[in-house]
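Structure, as structure tokens:
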Amino acid sequence: MLTVAPEGTRSRTEYWKTGFYYMALGAGVPIAVTVFDWGRRQVGIIGYVQPTGDIEADFAQIRQLMQGVHGHTPADAGPVRPRPGPAP
């Protein structure tokens with residue numbers, strides 16, 4: 001299981017690293033979208049996304065699941081979008 005918090009761990013970025021995505025895609029396993037929602041004081045899995053190879057569409061599903069989730073440090077929260085560039 002891999003857990004990604006909704007805000008950056010060090011500072012804000014304009015994209016998410018995509019290693020977790022390509023590991024799940026290669027293994028043929030779903031991504032469990034797990035959140036630490038400080039706004040609601042909840043932790044848990046809020047849904048699953050089965051990677052299809054269409055990273056933009058798959059990240060759109062992750063974005064939809066994470067709507068309304070608030071991290072500990074809102075200033076560090078960046079957009080839910082993949083790192084730009086070709087697949088590894």
> Do you know the tightest heavy-atom contact between Asp37 and His70?
Replying inline: OD1-N, 3.3 Å

> Is a side-chain N or O of Thr73 found less than 3.5 angstrom from the main chain of Ala75, in a donor-acceptor match?
Replying inline: no

> In terms of ring plane angle, is the pair Phe59 and Trp16 parallel, tilted or perpendicular, where the classes change at 30° and 60°?
Replying inline: perpendicular

>> Enumerate the side-chain hydrogen bond (donor to acceptor under 3.5 Å, both in side chains) contacts for residues 43-54, please, sequence neighbours excluded, ordered by first and then second residue.
In response: Thr52-Asp58

>> Using the side chain to side chain contact (heavy atoms under 4.5 Å, CB included) criterion, which residues pair with Val29? Sequence neighbours excluded.
In response: Ala24, Ala27

> What residues form a side chain to side chain contact (heavy atoms under 4.5 Å, CB included) with Arg41, not counting sequence neighbours?
Replying inline: Trp38

>> For Tyr21 versus Pro51, what's the shortest heavy-atom pair and its separation?
In response: CE1-CB, 3.7 Å

> Name the one of Pro82, Pro79, Pro84 that satisfies side-chain contact (heavy atoms from CB on, under 4.5 Å) with Tyr15?
Replying inline: Pro84

> Would you say Phe20 and Met66 are hydrophobically clustered, going by side-chain heavy atoms of ILVMFWY under 4.5 Å?
Replying inline: yes

>> Among residues at least two apart in sequence or on other chains, which ones pass side chain to side chain contact (heavy atoms under 4.5 Å, CB included) with Leu65?
In response: Val33, Ile46, Val49

> With sequence neighbours left out, which residue pairs that include part of residues 13-28 fulfil the salt bridge (Lys or Arg N to Asp or Glu O under 4.0 Å) condition?
Replying inline: Arg12-Glu14, Glu14-Arg81

> Any donor-acceptor pair under 3.5 Å linking the side chain of Arg83 with the backbone of Thr18?
Replying inline: no

